[in-house]
Each structure stands twice: as C-alpha cells, then as structure tokens.
Asker: 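First, the structure itself, so that you have it in front of you.
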Amino acid sequence: MNHHEMLLLKLGEVVLKGLNRRTFEDKLVNNVRRRLRKCGSFQVYVRQSTIYVEPQRDDCDMEAALTAARQVFGIVSVVRAVPCEKTVEAIAATAREYLAGEFARARTFKVESRRADKSFPMNSIQISQAVGGDLADAFPGVAVDVHNPDLTVHVEIREKFAYVHGPALSGAGGLPVGTGGHAVSLLSGGLDSPVSSWMMARRGVQLEMVHFVSPPYTSQQAQDKVLELARLLTAYCGTMVVHIVPFTEIQEEIRRKCPEEFFTLIMRRFMMRISQAIARRAGAHALVTGESLGQVASQTMLALGVTEDVVSLPVLRPLIGMDKVEIIRIAREIGTYDTSILPYEDCCTVFTPRHPAIRPQVEDVRAAEAALDVEALVAKALEGEQWVRVKS
Ligand code: ATP
Ligand code: MG
C-alpha cells in the first residue's frame with residue numbers, strides 16, 4: 001500500500017450564529033494537535049468540515065491517537081482511513097487490501113460513497129456501484145446487500161485523494177474547549193463535580209478548578225484524589241490549573257460562632273465567595289458546581305438560593321435536573337467513577353449538622369453569618385491559596 005493509514009475527524013456543531021466558523025475550526029485543530037502530541041508526530045489540518053490527522057513517522061501510536069481524538073470536544077465521529085488515488089481501480093484495490101480482514105469475516109457488504117469533491121466525474125451512486133462491482137468480483141464469497149450488510153465500505157472523494165474506511169466511531173461531541181468562555185469549577189472528590197466539569201467543558205468552556213481542603217480533618221490522600229480526578233479530566237478539557245484553598249479556619253470559625261443548622265450553608269457561601277474571587281482574578285465569567293436538585297439538604301431550591309446569594313457571577317449547575325443513576329453512568333463513561341468512589345473524606349463531610357435547616361431563609365443565614373468577619377476570612381483563605389497545573 002502506498003499510503004499510510006490516517007484519521008479523519010468529523011466536526012460537530014461548529015457553526016454558531018455570531019461566532020465565525022474559522023475561529024472554531026482553528027481552536028479545534030489546535031486542541032487536536034495538543035491532545036495528540038503524546039501519540040507521535042502528526043500533521044493536523046482542516047478541509048471541508050473534516051480534520052485530517054496524518055502520521056508523519058512510522059512510530060506514531062495510531063491506537064492512542066484514535067482514543068485521544070475521540071475525547072476532543074467538537075468532534076462527532078472518528079474514522080481510520082487510507083487515502084488513495086481518485087480512480088475506481090485504486091479505490092477498489094485499497095479497499096481489498098485495507099479491509100481484507102473485514103471481508104474475511106463478513107457474509108454481506110455494501111459500498112457507501114460521498115463526493116466532497118463535486119468536480120469528480122462520477123456521482124456517489126456510480127462510485128458505489130463501480131467499486132462494489134470490483135469488490136464483489138474480488139470476494140466471491142461475500143454478497144452485496146444494500147439493506148443490512150455485515151460490512152459497509154465507506155469511500156470519500158476529497159480534494160486531493162479518495163479515502164477508504166470502515167465504520168465510524170463516535171466522538172465526544174459538543175463544542176471545542178475555549179470557544180464557550182472561561183469558568184471556575186468547584187471540584188470535590190465526589191462523583192458529581194467531575195461530571196459537571198466535563199459537561200461544561202463539552203459546551204466549549206475552558207475550566208480552572210478550585211478545591212477546598214481542611215487539614216487535618218481532610219487528608220493528603222483526599223487532595224491527591226482530587227488532583228487525579230483533574231488529571232483524568234485533562235483528556236477532555238486539556239491542561240488545567242487546580243487552585244487548592246485552605247478551608248480549615250473558616251470551618252472552625254463557623255462551628256464556633258454559627259448555629260449548627262446553618263453550618264453547611266454558610267460553609268458553601270464561603271466556597272462561592274472564594275471561588276468568585278478566584279474567577280475574577282482568572283478572568284473567568286461563571287462558576288460551575290456539581291449540585292443536583294434535592295440530592296442533599298444543601299441542594300434544595302431554597303438552599304441553592306441561600307448559597308448563590310453571595311455571588312454575582314452566574315452559577316452553572318449542569319447536573320441540576322439529573323438523577324444519580326444518570327450521573328453515575330456518565331462518571332463511568334468518562335472514567336472518573338473508580339477514583340471518585342475512593343473513600344476519602346471531603347471538607348463538606350467535616351462538621352455536618354445533625355439537623356440541617358429544611359427551609360432556610362436567606363435573611364436568617366445572613367444574620368447568623370454576621371457573627372463572622374467574612375472579609376478577613378475570605379482574604380486569609382485566598383492568601384493561603386496554592387495552585388497546580390495538571391497535565392495529562
Ligand atoms: P460531589 O459528588 O461533587 O462531591 P456532592 O453531591 O457530594 O457533590 P456537596 O458535597 O454538597 O455535594 O457539594 C456540592 C458541590 O460543591 C460539589 O459538586 C462541588 O461542586 C462543590 N464542592 C463540594 N466540596 C468541595 C470542595 N472540597 N472543594 C471544591 N468544591 C467542592
Ligand atoms: Mg461531595
């Protein structure tokens with residue numbers, strides 16, 4: 001075979017009103033390049049709503065590149081393909097060789113063609129018929145079945161070459177990271193917040209993470225677990241910064257000075273304030289949490305109102321209407337589940353009230369909080385903030 005196997009990545013909904021297609025495509029191509037860097041040396045470029053990924057050397061890891069490409073948001077499907085000359089003979093010869101293994105297993109096949117190059121002299125039906133005829137002669141044991149074939153041979157006639165490929169694999173969908181703005185996501189070690197982060201990244205949002213720690217109540221292992229979750233998310237979100245914020249003093253002050261029924265809510269208000277400050281410094285325009293309506297006492301509608309009372313940035317809660325089973329299904333799919341269920345404590349589980357307020361009123365919580373020097377506590381936590389850049 002003269003040509004090397006390569007990947008064709010099909011773009012998803014990159015055409016948005018007001019945002020130009022070029023920006024989207026450039027962003028996406030850059031994201032693909034960055035994500036494939038660890039798999040070898042590839043040439044990556046875009047033509048006609050398709051990203052071409054061509055290995056430049058024999059030692060490129062195509063399997064790893066395929067996996068990585070399927071995790072890049074903005075791509076709906078991925079195929080491994082082989083380019084060849086734009087003639088029926090070359091296409092049929094390439095299909096015979098490239099798909100020999102598939103033909104050995106199949107009892108029926110069909111050819112499906114697409115003509116992206118409209119100047120090509122045959123239309124797609126004619127191409128399919130001609131290539132199909134050649135292949136039927138070459139594999140007499142495999143019959144043509146256009147309705148329900150075991151094997152579909154795909155042919156695409158493009159600018160420079162024709163491409164032969166088998167079935168398409170699904171991509172991650174969504175929009176290219178970096179096209180949907182910049183937000184700060186509150187990442188705990190639980191099941192929910194890695195999923196909520198992933199969901200916002202899928203809408204093109206570039207994320208920075210904030211994680212609150214309460215040593216000695218929370219352990220180093222709990223913090224490492226969160227960094228590992230962030231690392232797992234980089235396969236989708238790219239490199240990201242995780243801000244680690246000390247939270248012990250705030251929690252101890254709340255315990256000392258506030259009514260127990262409001263512990264969790266006041267603590268969550270501090271999380272929001274600090275996250276907003278970090279967002280402002282980072283030039284981010286929203287906060288993201290893993291809250292889901294009714295999941296726990298601090299996630300009732302009234303409680304959510306009390307929590308976001310202290311911030312003016314939009315609080316994005318992509319899990320708000322989801323059931324736990326759906327969240328768990330996504331966590332498994334994106335590969336964060338096994339890490340999330342490791343049994344390390346979160347600062348939210350330290351000092352949880354025995355009887356949290358059921359119908360919290362914002363005025364009551366504000367009044368309870370007045371016992372604290374909120375500004376000083378926030379400032380001090382921000383002073384103690386450290387950050388790590390997490391790479392894949
Ligand atoms: P998760 O599974 O994400 O931990 P949860 O169901 O346990 O969520 P809570 O513990 O009430 O719910 O937390 C709600 C949200 O607050 C989390 O989804 C996360 O966005 C944020 N959060 C909780 N704890 C922390 C923390 N230690 N650091 C950063 N954010 C946190
Ligand atoms: Mg939690």
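All residue numbers in this chain count up from 1 along the given sequence. For ligands, and for the atoms within them, numbers begin at 1 and follow the listed sequence.
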Asker: Heavy atoms only, cut-off 4.0 Å: how does Val226 contact ligand 1, side chain, backbone, both, or neither?
Answerer: neither

Asker: Within the structure, does Met271 bring an N/O atom to less than 3.5 angstrom of an N/O atom in ligand 1?
Answerer: no

Asker: Should the proximity of Val210 to ligand 1, defined as any heavy atom under 4.0 Å, be assigned to the side chain, the backbone, both, or neither?
Answerer: backbone

Asker: Does only the side chain of Ser298 get under 4.0 Å from ligand 1, or the backbone, or both, or neither? Count heavy atoms.
Answerer: side chain

Asker: Just checking Arg107: does its CZ atom have more than 12 heavy atoms from other residues, nucleotides or ligands closer to it than 6.0 angstrom?
Answerer: no

Asker: Return yes or no for this condition: an N or O of Pro194 is under 3.5 Å from an N or O of ligand 1.
Answerer: no

Asker: Do the two ring centres, one from Phe351 and one from Phe263, sit under 6.0 Å apart?
Answerer: no

Asker: Are a donor atom and an acceptor atom from the side chains of Thr239 and Arg389 found within less than 3.5 Å of each other?
Answerer: no

Asker: Looking at ligand 1, would Met209 count as a contact under a 4.0 Å heavy-atom criterion?
Answerer: no

Asker: May I ask you to check whether Ser185 and Ser197 show a side-chain donor-acceptor distance below 3.5 Å?
Answerer: yes

Asker: Give yes if a backbone or side-chain nitrogen or oxygen of Thr289 is under 3.5 Å from a nitrogen or oxygen of ligand 1, and no if not.
Answerer: no

Asker: Tell me which one of Val245, Thr264, Thr352, Leu186 gets a heavy atom nearest to atom 19 (C) of ligand 1.
Answerer: Leu186

Asker: Classify the angle between the aromatic ring planes of Phe103 and Phe139 as parallel (below 30°), tilted (30 to 60°) or perpendicular (above 60°).
Answerer: parallel

Asker: So, is Phe212 polar-close to ligand 1, with some N/O to N/O distance under 3.5 Å?
Answerer: yes

Asker: Would you mind reporting whether Ser196 and Thr289 have side-chain heavy atoms less than 4.5 Å apart?
Answerer: no

Asker: Can you confirm, on distance only, whether ligand 1 has an N/O atom lying under 3.5 Å from any N/O atom belonging to Ser188?
Answerer: yes

